[in-house]
Protein chains: 2
Amino acid sequence: MPKTGLTAEQIKDRAIECTMERMRKFGYEKVRLSDIAKDLGVTHAALYAHFADKAALFDAVSERFIRDLDAKLERFCQPGARGTPLERITDWFVTLHKTKCEKVRCDPELYRAFNFLAVRQKVFVCQHLQSMDRQLMMLVKEAIDGGLLQGDAAEIVQLLFNATIGFHYPAMVVEYIDQDREPLLRAVLDALYRGLRDA
Amino acid sequence: MPKTGLTAEQIKDRAIECTMERMRKFGYEKVRLSDIAKDLGVTHAALYAHFADKAALFDAVSERFIRDLDAKLERFCQPGARGTPLERITDWFVTLHKTKCEKVRCDPELYRAFNFLAVRQKVFVCQHLQSMDRQLMMLVKEAIDGGLLQGDAAEIVQLLFNATIGFHYPAMVVEYIDQDREPLLRAVLDALYRGLRDA
DNA sequence: TTCCTTACATTTGGCAAGTTTTGTAAGATA
DNA sequence: TATCTTACAAAACTTGCCAAATGTAAGGAA
């Protein structure tokens, strides 16, 4: 029934892709709905059938990045994941850190948008935080069961997350993008593991 | 010789105080040199005998806060300071954290200015970073000498500072101002001490 | 029914004017 | 000599207007 010959999902996807492309090229301030619509071969009003408003379109771009990141991190929590629980926690944090660094370097405009657009307290961001919490909780519980860490799982998750926040907090990732902080991140985690082993 | 009857230092001090007062009342965007000058009973051009430019006046405000903070932290490094080296490191970090929280709550406009005005990489900020590094280094060395920590002092300082950066990084202090994170900060430090005791 | 268009209301952004504020130079006063 | 004033140049900040972009409603095509 759609006049464009594409399903609603396909149109949405293409709209998001066009938006990303224009954000990359011109910065998010200069992205116009009419341009996106033109790329898709529809009028700008048609976009409102798929997105509540312009902000929702931008959010969809951020959401895609966050979902990809979540999926990437999820792999370290799968039953088949290799390595000891502690190694997997380290891999999890290092991946979180490096993925954000990579995004800053390869997609600076997208990262800037993601950073700027009062993205905090949006639904998908809260979900991301919950998702990360759940993932870390799984890994930490495994470590506790294996006798590698001691204490309350939720508290340990809080502690690990906050002690490494400088390595994944958006503004700080940007600020220290020129430095290779991975070794420091690993050192922080190693010290914490030792300290939490016989708490 | 001055026509105002005040020494250069006094004029400077009063200028800084007036600036702070107006920043608090109206926000730093609305501070005008001509208003400051009027408060002091001189023309705006006279201010240029004391400050290189408007930014230098604003910097002086931030500098004052930072110097006070440095002095406060310095106390934990004095020979007469009470407590074990590790307790003093904890006090040092907790003071750093709480002082910034207090500033955010009591002087939000000043903190915002301090945060906004590309304050990074200014001379007095670098000095502050160096000063903190030196202070922490002293405390860590004492802890190492006392057998409470093991490893390279400079590396340990780096590690402690970065693992607690979420508790003193300006933007994050503001973001989490509603939460009492002091217990979490202490927990992070305790875990690190244990992990760095038998590195 | 879903997705789209046309037509229109509302909001935002950009530009040119005038005004204020910032910064500088030359000279006056203690 | 150090500090200040006057006078002026340069930069940044309003204001008002118009064009462009966003958002909405009513109705048309698959």
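Here is the naming used below: chain letters follow the sequence lines, and residue numbers restart at 1 for every chain. These values consider heavy atoms only, across backbone and side chains, with no hydrogens, waters or symmetry-generated copies.
- One finds a side-chain N or O of Thr43(A) lying less than 4.0 angstrom from the OP1 or OP2 phosphate oxygen of dT5(C).
- For DNA chain C, none of the residues of residues 9-23 of chain B falls under the heavy-atom distance limit of 4.0 Å.
- Annotation: of the two residues near DNA chain C, Gly41(A) and Lys30(A), the 5′-most nearest-nucleotide partner is Gly41(A).
- Distance, Asp53(A) CG to dT22(D) C1': 10 Å, rounded to whole Å.
- Rounded to 10°, the angle separating the first-five-pair axis and the last-five-pair axis of the helix from dT1(C)-dA30(D) to dA16(C)-dT15(D) equals 20°.
- Here dC3(C) is the nucleotide among dC3(C), dA25(D), dC4(C) with the atom lying nearest to any side-chain atom of Ala8(A).
- The distance between atom CZ of Phe58(A) and atom C1' of dA21(D), rounded to the nearest whole Å, is 12 Å.
- You'll find the side chain of Leu196(B) stays beyond 4.5 Å of the side chain of Gln150(B), heavy atoms only.
- Atom CG of Leu40(B) and atom P of dT5(D) are 11 Å apart (whole Å).
- At the heavy-atom level, His44(B) lies under 4.0 Å from base atoms of the strands shown.
- Among the nucleotides dT24(C), dT22(C), dC4(D), the one closest to any side-chain atom of His50(B) is dC4(D).
- If you take CG of Leu33(A) and P of dG13(C), they are 12 Å apart, rounded to a whole angstrom.
- In this structure a side-chain-to-backbone donor-acceptor pair under 3.5 Å is missing from Arg197(B) to Gly147(B).
- Here the side chains of Arg32(B) and Lys38(B) are not in contact, with every heavy-atom distance at 4.5 Å or above.
- With salt bridges taken as basic N to acidic carboxylate O contacts below 4.0 Å, one links Arg134(A) and Glu74(A).
- If you take OH of Tyr48(B) and C1' of dA26(C), they are 17 Å apart, rounded to a whole angstrom.
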Check residues 151-163 of chain B and write down every donor-acceptor pair under 3.5 Å in which the side-chain atom is one partner and the other belongs to a residue at least two apart or another chain.
residue	atom	partner	partner atom	Å
Asp152(B)	OD2	Ala154(B)	N	3.4
Asp152(B)	OD2	Glu155(B)	N	3.0
Asn162(B)	ND2	Gln158(B)	O	2.8

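- When rounded to the nearest whole Å, the span between CG of Leu47(A) and C1' of dT24(D) equals 14 Å.
- For residues 20-61 of chain A, the pairs satisfying ring pair (Phe, Tyr, Trp, His ring centres under 6.0 Å) are Tyr28(A)-Phe116(A), with sequence neighbours left out.
- Atom pair Lys38(A):NZ and dT22(D):P shows a separation of 12 Å (rounding to whole Å applied).
- Evaluation of the side-chain hydrogen bond (donor to acceptor under 3.5 Å, both in side chains) rule for Lys141(A) yields no partner, not counting sequence neighbours.
- Cation-pi check for Arg67(B) over Phe124(B) is not met; the charged atom does not lie both under 6.0 angstrom from the ring centroid and within 45 degrees of its normal.
- In this structure, CD of Glu29(A) is placed 15 Å from C1' of dA21(D), rounded to the nearest angstrom.
- Mapped onto DNA chain C by nearest heavy atom, Arg32(A) and Val31(B) fall at different nucleotides, with Arg32(A) at the one closer to the 5' end.
- Qualifying side-chain hydrogen bond (donor to acceptor under 3.5 Å, both in side chains) partners for Ser62(A), counting only residues two or more places apart in sequence or in other chains: none.
- As judged by a 4.0 angstrom heavy-atom cut-off over every strand, Ser34(B) is placed among residues touching the sugar-phosphate backbone only.
- Side-chain contact of Glu175(A) with Tyr169(B): a donor-acceptor pair under 3.5 Å is present, judged by distance alone.
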